[in-house]
Undergrad: 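Starting off with a structure, shown below.
All values below were derived from every heavy atom in this structure, side-chain atoms included, with hydrogens, water molecules and symmetry-related copies excluded. What you see is a predicted model; the values in this text were computed from it and never measured.
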Amino acid sequence: MLKQLLNKLPKRSIKSESLEDHPLSDPNNNGEIQRSTSLNSASLSPKVPNAPKRTSSAVFPSSVIAGIEPLLPFKDAPASEKMSLFISKLSLCCMVFDFTDPSKNTAEKDLKRLTLIELLDFVASGPPRFSEPAILSLCKMCSVNLFRVFPLNYRSARGGENEDDEPSFDPAWPHLQIVYDILLKFVTSASVEAKVAKKYINHSFILRMLDLFESEDPRERESLKAIMHRIYGKFMVHRPFIRKSISNIFYRFVFETERHNGIAELLEIFGSVITGFALPLKEEHKIFLWRALIPLHKPKSLGVYFQQLSYCVTQFIEKDPKLASTVIRGLLKYWPITNSQKEVMFLGEVEEVLETISMGEFQRVMVPLFWRIGCCINSSHFQVAERALLLWNNDQIFNLIGHNRQVILPIIFPALETNVQHHWNQSVLNLTLNVRNVFTEMDNMLFLACHAHFVEEQEKQSSATEKRKEAWARLENAASLRPITMNTTAVLVMMPQQS
């Protein structure tokens, strides 16, 4: 069967097509690649008159691949011909098949898969050095197989991937996985010179790779994450562009679409990037924290990528502890009011920030922060109230509160007393009593003063409430004593029309 397939491959003479006639030599071609959907229709049907040329013949110079049988094993080829055989096999793998029909082109799919595995083994074996035509050919093969447009389906229309959604798997993954593995081995190979490869793994290639993070297949996103991380590490010249491009994805996600499947993976990449930032931090990095990472707390789908986002924020604070107050202000700006699940996440991130914050930075934000924590303590959702009260179990936060109790206790004391008197959940009530006891042991005089002030304020509010009730009672009484006359007329007041 393989011999029959091989005999059907069109043989091209070196003289039949010159390099000048090749599309790669056309400056207006821009490296565009025509994708073929079937080996049968493109390369395995030479008997059909006027059959289209094979994709590999349109992508790779015939002078390089002429006379090389792509199905020849690498072990049977002399060392001087292995790179040409490598390019020839890449040419064969530039055919793209329709995997929605498993019964279609099964022999050709198997042939391509076996060839891809051979290519993977060859790249992993570490050849002496990849020639420039080989680098170009590999990048073209990866482009043909990987770069594609994803349809707008039901999940992205709802606002992106959610935690409860079942993952969607690409039926073409048997081929895609090997192509991704080839690209990963290629990028990490010591046989690839970065100064040569950067001409083909360029800005356009990187942007198309980032577009693939929209894939719904989590396996594909994991492969992309590994490859993009290696590209960032190998090609230093592309690092600013990669950071800017990922930032733009975050901006579109937060402020425009709120739809993207790969935010978690992109944040994982950035998490490792942040650890490599030099000190002192550049202004562009601080701007990225404030304009991109902090607003990422706003979308409804925060739970999908919260762990990765929290890690990135923590890495920034470890690099520059002075950013802690900036992060706290950002969290307070985007604090969820009606989403209890997000409130629990925010409280968890606040605890992580407070574990590393300095005393000076803490004092800058403690008043608005503990006002918000007081609101959380009074939350009718028991998980929010519990999470807020559990902050006192953290030794670092306990010490910060102890040193600033003169300011903090008056802010949260009304919330504690309100819980003791009215909260419905027994667990929240017990935690509230524990926090009250902590403050009593910490500073009993301050606690009594706050209690007296709270009682005084309650009495004032009760008095004001009674006065309002009395005023309304007098008005109702006066209205009931006034006789109703028959000539009472209603006056219709016309509002002026706005122009």
Undergrad: Which atom names give the shortest non-hydrogen contact between Thr115 and Leu111, and what distance separates them?
TA: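 Thr115 and Leu111 have their closest heavy atoms at OG1-O, 2.8 Å.
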Undergrad: Show the nearest heavy-atom pair for residues Ser137 and Ile87, with the distance to one decimal.
TA: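 The answer is OG-CG2, 3.5 Å.
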Undergrad: Quick check: are there more than 12 heavy atoms from other residues, nucleotides or ligands sitting under 6.0 Å from NZ of Lys298?
TA: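 Check fails, neighbour count at 12 or below.
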Undergrad: Parallel, tilted or perpendicular: which describes the rings of Phe270 and Phe288, with under 30° parallel and over 60° perpendicular?
TA: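 Rings of Phe270 and Phe288: parallel, as their planes differ by under 30°.
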Undergrad: Are Val179 and Leu116 packed together at the side-chain level, in the sense that at least one heavy-atom pair is separated by less than 4.5 angstrom?
TA: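 They are in contact (side-chain heavy atoms under 4.5 Å apart), so the answer is yes.
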Undergrad: Do Tyr334 and Phe346 make the cut of ring centroids closer than 6.0 angstrom?
TA: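 No; Phe346 has its ring centre 6.0 Å or more from that of Tyr334.
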Undergrad: For the residue pair Lys82 and Phe122, would you count it as a cation-pi contact if the rule is NZ or CZ under 6.0 angstrom from the ring centre and within 45 degrees of the ring axis?
TA: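 Verdict for Phe122: no cation-pi partner in Lys82.
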Undergrad: Given Glu108 and Met95, is the side-chain contact (heavy atoms from CB on, under 4.5 Å) satisfied, shown in steps?
TA: CA-CA 9 Å; Glu108 292 87 345; Met95 299 300 170; over 6 Å; no
Undergrad: Decide side-chain contact (heavy atoms from CB on, under 4.5 Å) for Trp335 and His297; before the verdict, give the C-alpha distance in whole Å, the side-chain angles of both, and the deciding distance to 0.1 Å.
TA: CA-CA 8 Å; Trp335 198 277; His297 291 81; over 6 Å; no
Undergrad: Under 3.5 Å, is there a donor-acceptor pair linking the side chains of Ser215 and Asp217?
TA: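 Note: Ser215 and Asp217 side chains miss the donor-acceptor criterion.
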Undergrad: How are the rings of Phe99 and His175 set relative to one another: parallel (under 30°), tilted (30 to 60°) or perpendicular (over 60°)?
TA: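 Correct class here is perpendicular.
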Undergrad: Tell me the closest heavy-atom pair linking Pro73 and Glu118, and the distance in Å.
TA: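 Taking Pro73 first and Glu118 second, the nearest heavy atoms are CA-OE2, 3.5 Å.
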Undergrad: Would you check if the side chain of Lys109 reaches a backbone N or O of Asp98 as a donor-acceptor pair within less than 3.5 Å?
TA: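 The answer is yes, because a donor-acceptor pair under 3.5 Å joins these two groups.
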Undergrad: Side chain of Lys199, backbone of Leu136: donor and acceptor closer than 3.5 Å?
TA: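 No, the answer is negative, given that no donor and acceptor are paired below the 3.5 Å cut-off.
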Undergrad: If I take atom CD from residue Glu351 and atom CG from residue Leu390, how far apart are they, to the nearest 0.5 angstrom?
TA: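 Reported to 0.5 Å precision, the distance equals 8.0 Å.
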Undergrad: Fit a plane to each ring of Phe255 and Tyr251, take the angle between them on a 0 to 90° scale, and name the class: parallel (under 30°), tilted (30 to 60°) or perpendicular (over 60°).
TA: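 Because their plane-to-plane angle lies in the 30° to 60° range, the rings of Phe255 and Tyr251 count as tilted.
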Undergrad: Is a salt bridge present between Glu214 and Arg252, judged by a nitrogen-to-oxygen distance below 4.0 Å?
TA: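 No, this pair does not count.
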Undergrad: Report yes if some heavy atom in the side chain of Lys286 is under 4.5 Å from a heavy atom in the side chain of Asp320; otherwise report no.
TA: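 Side-chain contact under 4.5 Å: yes.
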Undergrad: State the CG-NZ distance between Leu184 and Lys225, to the nearest 0.5 angstrom.
TA: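 Leu184 CG to Lys225 NZ: 12.0 Å, rounded to 0.5 Å.
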Undergrad: Is any side-chain heavy atom of Leu266 less than 4.5 Å from a side-chain heavy atom of His260?
TA: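 Answer yes - side chains close enough.
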Undergrad: Scan side-chain atoms only and decide if Ser379 and Glu343 contain a donor-acceptor pair under the 3.5 Å cut-off.
TA: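 No - no donor-acceptor pair under 3.5 Å links their side chains.
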Undergrad: Say you draw a straight line from CD of Gln308 to CD of Glu265; how long is it, rounded to the nearest 0.5 Å?
TA: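 CD of Glu265 is found 7.5 Å from CD of Gln308.
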Undergrad: Can you tell me if CZ on Arg291 sees more than 12 non-hydrogen neighbours from other groups inside 6.0 Å?
TA: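 It does not: Arg291 CZ has 12 such atoms or fewer within range.
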Undergrad: If we check side-chain contact (heavy atoms from CB on, under 4.5 Å) with Phe277, which of these qualifies: Leu281, Thr275, Leu279?
TA: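 Filter result, single survivor: Leu281.
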Undergrad: Within the structure provided, determine whether Ser301 and Phe253 are in side-chain contact (heavy-atom separation under 4.5 Å).
TA: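 Counting from C-beta outward, Ser301 and Phe253 do come under 4.5 Å.
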Undergrad: State, yes or no, whether a side-chain contact exists between Ser143 and Lys140 at a heavy-atom distance under 4.5 Å.
TA: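 With C-beta onward as the side chain, the pair stays apart.
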Undergrad: Are Arg219 and Gln177 close enough, and set up right, to give a side-chain contact (heavy atoms from CB on, under 4.5 Å), and what steps lead you there?
TA: CA-CA 8 Å; Arg219 303 168 300 180; Gln177 180 183 17; over 6 Å; no
Undergrad: To the nearest 0.5 Å, how far apart are OG in Ser223 and CG in Asp181?
TA: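 Rounded to the nearest 0.5 Å, the OG-CG separation comes out at 6.0 Å.
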Undergrad: Hey, are the side chains of His285 and Arg243 touching, using non-hydrogen atoms and a 4.5 Å cut-off?
TA: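 Yes. Closest side-chain heavy atoms under 4.5 Å.
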Undergrad: Grab the two heavy atoms, one from Lys185 and one from Thr188, that are nearest each other, plus how far apart they are.
TA: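 The answer is O-OG1, 3.2 Å.
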Undergrad: Which atoms form the tightest heavy-atom contact between Leu72 and Ala77, and what is the distance?
TA: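 The answer is CD2-CB, 4.1 Å.
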Undergrad: Is any side-chain heavy atom of Ile397 less than 4.5 Å from a side-chain heavy atom of Trp392?
TA: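 Sidechains of Trp392 and Ile397: no contact.
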Undergrad: Pairing donors with acceptors under 3.5 angstrom, does anything connect the side chains of Tyr311 and Glu268?
TA: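 No, no side-chain donor-acceptor contact under 3.5 Å.
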Undergrad: To the nearest 0.5 angstrom, please state how far the CD1 atom of Ile373 sits from the CG atom of Leu347.
TA: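 Between Ile373 CD1 and Leu347 CG, I get 7.0 Å after rounding to 0.5 Å.
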Undergrad: Please check if the number of heavy atoms outside Trp290 that lie under 6.0 Å from its CH2 is greater than 12.
TA: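 It does: Trp290 CH2 has more than 12 such atoms within range.
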Undergrad: Would you find a donor on one side and an acceptor on the other, under 3.5 Å apart, between the side chain of Arg364 and the backbone of Ser325?
TA: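 Side chain of Arg364 to backbone of Ser325, a donor-acceptor pair under 3.5 Å: no, none is there.
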Undergrad: So, Lys112 versus Asn145: side-chain donor-acceptor pair below 3.5 Å or not?
TA: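 Side chains of Lys112 and Asn145: pair found under 3.5 Å.
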Undergrad: Would you say Ser310's side chain and Gln307's backbone share a donor-acceptor pair under 3.5 angstrom?
TA: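 The answer is no, because no donor-acceptor pair under 3.5 Å joins these two groups.
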Undergrad: Can you confirm whether His203 is buried at NE2, in the sense that more than 12 heavy atoms of other residues, nucleotides or ligands lie under 6.0 Å from that atom?
TA: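 More than 12 within 6.0 Å, yes.
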Undergrad: Stepwise, does the side-chain contact (heavy atoms from CB on, under 4.5 Å) test hold for Leu296 with Leu267?
TA: CA-CA 10 Å; Leu296 277 172; Leu267 284 171; 3.9 Å; yes
Undergrad: Quick one, Glu284 with Lys244, criterion salt bridge (charged side-chain N to carboxylate O under 4.0 Å, His left out). Give me CA distance, side-chain angles, the key distance, then yes/no.
TA: CA-CA 10 Å; Glu284 69 165 285; Lys244 181 180 178 181; over 6 Å; no
Undergrad: Find the distance between CD1 (Ile328) and CD1 (Ile317) and round it off to the nearest 0.5 Å.
TA: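 Taking CD1 in Ile328 and CD1 in Ile317, the distance rounds to 7.0 Å.
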Undergrad: Would you call Phe169 and Pro218 a side-chain contact if the rule is heavy atoms closer than 4.5 Å?
TA: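 The answer is yes, as the side chains (C-beta and beyond) meet within the 4.5 Å cut-off.
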Undergrad: For the backbone of Tyr232 and the side chain of Arg239, can you confirm whether one donor and one acceptor N or O come within less than 3.5 Å of each other?
TA: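 Checking the backbone N and O of Tyr232 against the side chain of Arg239, a donor-acceptor pair under 3.5 Å is found.
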Undergrad: Give the ring-plane orientation class for Phe130 versus Phe86, where under 30° counts as parallel, over 60° as perpendicular and anything between as tilted.
TA: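 Rings of Phe130 and Phe86: tilted, 30 to 60°.
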Undergrad: Please give me the minimum heavy-atom distance between Ile401 and Ile408, naming the atom from each residue.
TA: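 That would be CA-CD1, 3.8 Å.
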